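It should be emphasised that the depicted structure is a prediction, and the values quoted were computed from it without experimental measurement. Residue numbering restarts at 1 for every chain, and letters A, B, ... go by the order of the sequence lines. Any value given below was found using the heavy atoms of this structure, including those in side chains, with hydrogens, waters and symmetry copies removed.
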There are 2 protein chains.
Amino acid sequence: MTTRVPRMNEAESRAWLALVGTSQLLPAALDAQLQADSGITHFEFMALSALNTAPELTLRTSDLAVRTYATLPRLSKVVSRMEARGLVERVPCPGDARASNIRLTRDGRKELLLALPGHLSLVRAEVLGRLSEGQLEALAEALEPVLEALADDPRFPWARGASRRAESGAATA
Amino acid sequence: MTTRVPRMNEAESRAWLALVGTSQLLPAALDAQLQADSGITHFEFMALSALNTAPELTLRTSDLAVRTYATLPRLSKVVSRMEARGLVERVPCPGDARASNIRLTRDGRKELLLALPGHLSLVRAEVLGRLSEGQLEALAEALEPVLEALADDPRFPWARGASRRAESGAATA
DNA sequence: TAGCGTTACTTGCCACGGCAACCAAGTACC
DNA sequence: GGTACTTGGTTGCCGTGGCAAGTAACGCTA
């Protein structure tokens, strides 16, 4: 039952190629800049950022995983590495001994703030700075539903809930 | 000389988060579907597609690398794996004995055509199908300059020339 | 309070990609 | 024509991520 799937038309093809292309190049570019200038990966940057905006600079491991689009194993390993470098620390979660909270250390916060300008500058130079106000709006309008679709597709359980559903923050109880 | 970089405003932030999110989830989703249904990665799919639209089903190794946004080492290894599975073959390049051409085999073409409907169907379900004609247009208009900027940035030499410059095809001379 | 299923991670093993080093063929210079 | 430089591609080693299996704690039922 090979259901007939129509080919892409011109507009679809352009949009798709551009999207796939950027999905390929952008992460590599972000990694390269951050790695070179601050010695952290873009993924680590995202994790540190998420912690930085969390109450008490602390998040449950699985919460952080959702916020960074990461699988649990991946996050676990990255946290171990960052912990070894003193950027974050694992603190036992009061009220649930299986879980652990991840806390941004003072050093981690410093590193993050140090990395921020360079990162932001790259993002402006390559992306935001090239788009008009209207284009920014259109980009968000176009990609947000896509993001949500990906996050909610049962075929991709690792993304589950990436469309903000849990606003829990750190579990302190 | 920490040049002051202004923070993101609301529109910028939305656009950026959506873009980064999709760049994170989309590649993984494409891999998962193709891997599950056809036993190939999305990268392999792109490579096979590029070969399929090339004259003689053949491209210079470095040409293929550019078209797939890959570094040469990466492509070399992927080609070796695909060659082992009989999807492509390396043929010596007449006129330049250092170079080699990569050719899509009959089996490779068959696999590609077999994988196409499922892939296209996912792309429609998650992305294209969720956007209006106007949004497709806007998305392309927004991302094409970004793509070009990334490709032309001397900091990211691996992307060099990803903005179509060489239309050479296979070197037959 | 004993037992069973579930949740919240963590770890081991493997595949893949990056970089740097390498090799071989072409090109330039004299 | 020989020596240096460049180009095209491959290989080795290492870091990172995925999946599946493991472990520990929780919680429900009886």
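- Side-chain atoms of Gln33(A) and Asp37(A) form a donor-acceptor pair, as typed in the model, at a separation below 3.5 Å.
- A side-chain contact (heavy atoms from CB on, under 4.5 Å) with Asn101(B) is found for exactly one of Arg60(B), Glu56(B), Glu89(B), namely Arg60(B).
- Under the salt bridge (Lys or Arg N to Asp or Glu O under 4.0 Å) criterion, Arg81(B) pairs with no residue at all, not counting sequence neighbours.
- Taking a heavy-atom distance under 4.0 Å as the criterion, the stretch of DNA chain D touched by chain A extends 5' to 3' from dT16(D) to dC26(D).
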> Going 5' to 3' along nucleotides 6-16 of chain C, which nucleotides have protein heavy atoms under 4.0 Å from the base (write B), which only from the sugar-phosphate (write S), and which from neither (write -)?
Replying inline: -BSBBBBB--S
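- Annotation: ring pair (Phe, Tyr, Trp, His ring centres under 6.0 Å) contacts of Phe43(B) (sequence neighbours excluded): none.
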Could you list the donor-acceptor pairs under 3.5 angstrom formed between side-chain atoms of residues 16-30 of chain A and any protein atom two or more places apart in sequence or on another chain?
residue  : atom : partner  : partner atom : Å
Thr22(A) : OG1  : Ala18(A) : O            : 3.0
Thr22(A) : OG1  : Leu19(A) : O            : 2.9
Ser23(A) : OG   : Leu19(A) : O            : 2.7

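- Among residues at least two apart or in separate chains, there is no side chain to side chain donor-acceptor pair (under 3.5 Å) pair with a member in residues 126-135 of chain A.
- In summary, the side chains of Arg90(B) and Ser80(B) do present a donor paired with an acceptor at a separation below 3.5 Å, with no hydrogens or angles considered.
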